[in-house]
Protein chains: 2
Amino acid sequence: MTVRRQPLSQTQTRVLDLLSAAGRPLSAYDLLGKLRGEGVNAPPTVYRALEKLVREGLVHRLESLNAFVACSTPHHHDMATFAICDHCGLVTELTDRPLQQQLAAISSRSGFHATRMMVELHGHCAACSAKAHGQGAPDQAH
Amino acid sequence: MTVRRQPLSQTQTRVLDLLSAAGRPLSAYDLLGKLRGEGVNAPPTVYRALEKLVREGLVHRLESLNAFVACSTPHHHDMATFAICDHCGLVTELTDRPLQQQLAAISSRSGFHATRMMVELHGHCAACSAKAHGQGAPDQAH
DNA sequence: AAACGGATGTTATACAATAACACTCGTCTG
DNA sequence: CAGACGAGTGTTATTGTATAACATCCGTTT
């Protein structure tokens, strides 16, 4: 059940393609850099496209990185969980229903009504954990 | 078991006091504004104090707001969970061991080793949910 | 033709964070 | 005591992130 909500404009499609192709988070200015020479010359255009894509659930914003990634399973969800490798930059989107429910339950214990839940885990991915077993790794790729 | 790690400098103490007194998140520049006239005139000083306080576990950074709050239960934890009311700005720090464990479990299923887990819930606090029952509230206080 | 919604362009600016360098001060140490 | 060191700070400048405000364009509706 692929959800196709609104038609995307040229720029919006282009931004989504760039994010998908990158396979890793890109900042708005990374995107702007790639779009210069294609008629896009200023931040607002990029931010507007990103805003739309996030609204449509096609792109996620990683708050702790000030960057954006294409959603791995486009699906309008108010919750996103990411595992971010601080060593190689790999970002994995996790999906876990029970977690979402538990979070909603925990917050609503205090009467809170959550509309947007963001979970971002920082650490080391499997590959990087294996390589640097206990070593002081430099961290932070790209 | 109050943990007192390192003595704090004048500026660090001042920043922590300001955050505690505010009882809500403040940006680095909010703090700078309050510290002008006390000999603090530039961002680096504030950021350095905040960095130290975060390291000591006395202050948390809210990634989704680019702001800082005094930790409600100073305690060196790699995990913080916050419920952020988008209407009145109230921020509540939640503590839930099982959640932390579940998160660690979920991520490690894919071989990920988490060193820092951030959970930020956006929505409406109990008071604001009660007031605006279904109404289109303006959102975003301050 | 006029009105509108959605997207874009453009200029300027605000807000967030850090780099690089010099300086002070207290403590340790030979 | 002299020198070295670490932690904190001051200062200037710069980079990076995001938005305000206003004008334009275009397709659709009425």
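What you see below is based on every heavy atom in this structure, not just the backbone, and it leaves out hydrogens, waters and symmetry mates. Throughout, protein chains are lettered first and strands after them, A, B, ... in sequence-line order, and every chain is numbered starting at 1.
- Atom CG of A:Leu90 and atom CD1 of A:Ile84 lie 10.0 Å apart (nearest 0.5 Å).
- Listed by chain and number, the residues in a side-chain hydrogen bond (donor to acceptor under 3.5 Å, both in side chains) with A:Arg14 are A:Glu38 (sequence neighbours excluded).
- The nearest whole Å value for the distance from the CG atom in A:Asn41 to the C1' atom in C:dA12 is 16 Å.
- Within a 6.0 Å sphere centred on CD of A:Gln10, heavy atoms belonging to other residues, nucleotides or ligands number 12 at most.
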Pairing string, 5' to 3', for DNA chain D - Watson-Crick or wobble contacts under 3.5 Å, brackets [ ] where pairs cross, | to another strand: ||||||||||||||||||||||||||||||

Which protein N or O atoms sit under 3.5 Å from an N or O of nucleotides 16-19 of chain C?
unit_1: C:dA16; atom_1: N7; unit_2: B:Tyr29; atom_2: OH; d: 3.3
unit_1: C:dA17; atom_1: OP1; unit_2: B:Arg61; atom_2: NH1; d: 2.6
unit_1: C:dA17; atom_1: OP1; unit_2: B:Arg61; atom_2: NH2; d: 2.6
unit_1: C:dA17; atom_1: OP2; unit_2: B:Tyr47; atom_2: OH; d: 2.9
unit_1: C:dA17; atom_1: O5'; unit_2: B:Tyr47; atom_2: OH; d: 3.4
unit_1: C:dA17; atom_1: N7; unit_2: B:Tyr29; atom_2: OH; d: 2.9

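- Shown here are the side-chain hydrogen bond (donor to acceptor under 3.5 Å, both in side chains) partners of B:Ser27, two or more places apart in sequence or in another chain: B:Asp30.
- To the nearest 0.5 Å, the span separating CD on A:Glu51 from CZ on A:Arg48 amounts to 9.0 Å.
- The existence of a salt bridge linking B:Arg61 and A:Glu63 is excluded, since no basic side-chain nitrogen approaches an acidic carboxylate oxygen closer than 4.0 Å.
- For the side-chain hydrogen bond (donor to acceptor under 3.5 Å, both in side chains) test, residues two or more places apart in sequence or in another chain that qualify with A:Ser64 are A:Glu120, A:His122.
- In this structure, B:His124 and B:His87 have tilted ring planes: the angle between them lies in the 30° to 60° band.
- Rounded to whole Å, atom P of D:dA18 lies 11 Å from atom CG of A:Leu62.
- Between the CG atom in A:Leu121 and the CD1 atom in B:Ile106 there is a gap of 8.5 Å [rounded to 0.5 Å].
- B:Leu31 has its CG atom 14 Å from the C1' atom of C:dC15, to the nearest Å.
- Atom CG in B:Leu26 sits roughly 15 Å away from atom C1' in C:dC15 (whole-Å rounding).
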What's touching nucleotides 6-9 of chain D from the protein side, N or O pairs under 3.5 Å?
unit_1: D:dG8; atom_1: OP1; unit_2: B:Gln12; atom_2: NE2; d: 3.3
unit_1: D:dG8; atom_1: OP1; unit_2: B:Lys52; atom_2: NZ; d: 2.7
unit_1: D:dG8; atom_1: O3'; unit_2: B:Ser9; atom_2: OG; d: 3.4
unit_1: D:dT9; atom_1: OP1; unit_2: B:Ser9; atom_2: OG; d: 2.9
unit_1: D:dT9; atom_1: OP1; unit_2: B:Thr11; atom_2: OG1; d: 2.5

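- Under 4.0 Å is where a charged nitrogen must lie from a carboxylate oxygen, and between A:Asp96 and B:Arg109 at least one such pair does.
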